[in-house]
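Following: one structure in structure tokens, then a few remarks.
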Amino acid sequence: MYRDIITNIITSIRNAEIDKKETVRIISTTITETIVKILLQEGFIENVRKHQESNKYFLVSTLRHRKTRKGVGRTILKRISRPGLRIYSNYQQIPKILGGMGIVILSTSRGIMTDREARLERIGGEILCYIW
């Protein structure tokens, strides 16, 4: 059975935020490490550490809950390109989420990066997800 790793990350983080949990445990792969590193740099995650259990590595991430006037605000993650429908974009047509407040994570020929980095390097790629 095929598993979509990126969808698993997004679903794990989304479910942890709905349940107001402090930490999320994600299976460690090269792709997940890169995406979690981007989330850490952009401020959606507070802390990340690598944990080993019986020959398997996991990333344990501490979530950052945003405070709003009405309580705790949620980080919204939306999967765009999926195994059944791949969505590609060149650097000029990469969408801006909330006028640049959110980020787009892309898989490019130079690795996984944010929309800002892809525009600076003038390369496009597969749009993996939106985060705001």
Side-chain angles (χ1 to χ4, degrees):
M1 184 171 116
Y2 177 76
R3 292 185 178 166
D4 187 13
I5 297 171
I6 299 166
T7 302
N8 289 343
I9 296 170
I10 291 172
T11 304
S12 298
I13 293 172
R14 188 183 306 133
N15 289 342
E17 284 200 351
I18 290 171
D19 291 343
K20 296 178 182 160
K21 293 189 177 186
E22 294 293 320
T23 60
V24 176
R25 194 175 91 165
I26 301 167
I27 293 176
S28 179
T29 63
T30 308
I31 295 171
T32 58
E33 286 180 12
T34 308
I35 291 175
V36 168
K37 187 170 81 171
I38 289 172
L39 292 174
L40 182 65
Q41 289 172 351
E42 295 292 328
F44 293 105
I45 292 177
E46 282 186 21
N47 190 7
V48 176
R49 63 182 162 79
K50 203 168 192 177
H51 181 68
Q52 181 181 5
E53 288 182 17
S54 65
N55 297 333
K56 289 186 180 180
Y57 286 96
F58 294 95
L59 296 173
V60 179
S61 305
T62 306
L63 298 177
R64 173 172 287 162
H65 296 288
R66 296 182 294 175
K67 304 285 185 190
T68 62
R69 292 182 189 176
K70 297 180 183 178
V72 177
R74 286 185 24 208
T75 301
I76 298 175
L77 297 107
K78 185 175 180 184
R79 177 80 156 124
I80 302 302
S81 184
R82 55 186 201 270
L85 178 66
R86 303 287 185 185
I87 306 295
Y88 297 95
S89 176
N90 63 12
Y91 77 94
Q92 297 162 335
Q93 296 175 338
I94 297 172
K96 288 189 177 183
I97 306 302
L98 293 177
M101 296 292 288
I103 63 169
V104 177
I105 296 181
L106 295 137
S107 176
T108 66
S109 59
R110 296 184 190 155
I112 297 175
M113 61 179 65
T114 64
D115 56 338
R116 293 180 200 110
E117 295 169 347
R119 282 190 198 98
L120 285 174
E121 293 190 23
R122 303 182 130 225
I123 55 174
E126 180 183 354
I127 299 175
L128 298 178
C129 60
Y130 297 157
I131 302 169
W132 70 91

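Just so we're clear, the structure is a prediction, and the values are computed from it rather than from any experiment.
- Among Ile5, Val36, Ile35, the one residue that satisfies the side chain to side chain contact (heavy atoms under 4.5 Å, CB included) test with Ile26 is Val36.
- No donor-acceptor pair under 3.5 Å is formed between the side chain of Arg79 and the backbone N or O of Ile6.
- For the atom pair CG of Leu59 and CG of Leu39, the computed distance is 11.0 Å after rounding to the nearest 0.5 Å.
- A search for side chain to side chain donor-acceptor pair (under 3.5 Å) contacts involving Thr23 returns nothing, not counting sequence neighbours.
- Grouped with Val60 in a hydrophobic cluster is no other residue, since no side-chain heavy-atom contact under 4.5 Å to another Ile, Leu, Val, Met, Phe, Trp or Tyr is found.
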Acceptor/donor pairs from residues 94-111 side chains to any protein atom, 3.5 angstrom cut, sequence neighbours excluded:
from   : atom 1 : to     : atom 2 : distance (Å)
Thr108 : OG1    : Arg110 : N      : 3.2
Thr108 : OG1    : Gly111 : N      : 3.4
Thr108 : OG1    : Gly111 : O      : 2.6
Arg110 : NH1    : Glu121 : OE1    : 3.0

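- Within the model, atoms CG of Asn47 and CZ of Arg49 stand 8.0 Å from one another, a figure rounded to the nearest 0.5 Å.
- Atom CD1 in Ile18 sits 12.5 Å away from atom CD1 in Ile13 (nearest 0.5 Å).
- Here Lys50 pairs with Glu33 under the salt bridge (charged side-chain N to carboxylate O under 4.0 Å, His left out) rule; sequence neighbours left out.
- Annotation: salt bridge (charged side-chain N to carboxylate O under 4.0 Å, His left out) contacts of Arg82 (sequence neighbours excluded): none.
- Phe44 and Trp132 make their closest contact through CE2-C, 4.3 Å (heavy atoms, listed as atom of the first residue, atom of the second, distance).
- No side-chain donor-acceptor contact under 3.5 Å links Thr62 to the backbone of Glu46.
- Looking only at side-chain heavy atoms (C-beta outward), Glu42 and Ile131 stay at 4.5 Å or farther from each other.
- Side-chain contact between Ile112 and Ile31: present, with at least one pair of heavy atoms (C-beta onward) separated by less than 4.5 Å.
- A heavy-atom distance below 4.5 Å is found between the side chains of Arg119 and Asp115.
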Expected list for residues 122-129: side-chain donor-acceptor pairs under 3.5 angstrom, two or more places apart:
from   : atom 1 : to    : atom 2 : distance (Å)
Arg122 : NH1    : Tyr91 : OH     : 3.4
Glu126 : OE2    : Ser81 : OG     : 2.6
Glu126 : OE2    : Arg86 : NH1    : 3.0

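- One finds the OG atom of Ser28 at 10.5 Å from the CD atom of Gln52 (value rounded to the nearest 0.5 Å).
- Not a single side chain to side chain donor-acceptor pair (under 3.5 Å) links Ser12 to another residue, sequence neighbours left out.
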- request: Start with the C-alpha distance between Leu63 and Glu17, add both sets of side-chain angles, then the distance that settles side chain to side chain contact (heavy atoms under 4.5 Å, CB included), and finish with yes or no.
  value: CA-CA 8 Å; Leu63 298 177; Glu17 284 200 351; 3.8 Å; yes
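- Both Val24 and Leu40 are assigned to one and the same hydrophobic cluster, defined by single-linkage of ILVMFWY side chains at heavy-atom distances under 4.5 Å.
- Residues in residues 21-30 take part in these salt bridge (Lys or Arg N to Asp or Glu O under 4.0 Å) pairs, two or more places apart or across chains: Arg25-Glu53.
- Scanning for salt bridge (charged side-chain N to carboxylate O under 4.0 Å, His left out) contacts around Arg14 gives an empty result, with sequence neighbours left out.
- In this structure, Ile10 CD1 and Thr75 OG1 are separated by 12.5 Å, a value rounded to the nearest 0.5 Å.
- Partners of Asn15 by side chain to side chain contact (heavy atoms under 4.5 Å, CB included), not counting sequence neighbours, listed by chain and number: Thr11.
- Listed by chain and number, the residues in a salt bridge (charged side-chain N to carboxylate O under 4.0 Å, His left out) with Glu117 amount to none (sequence neighbours excluded).
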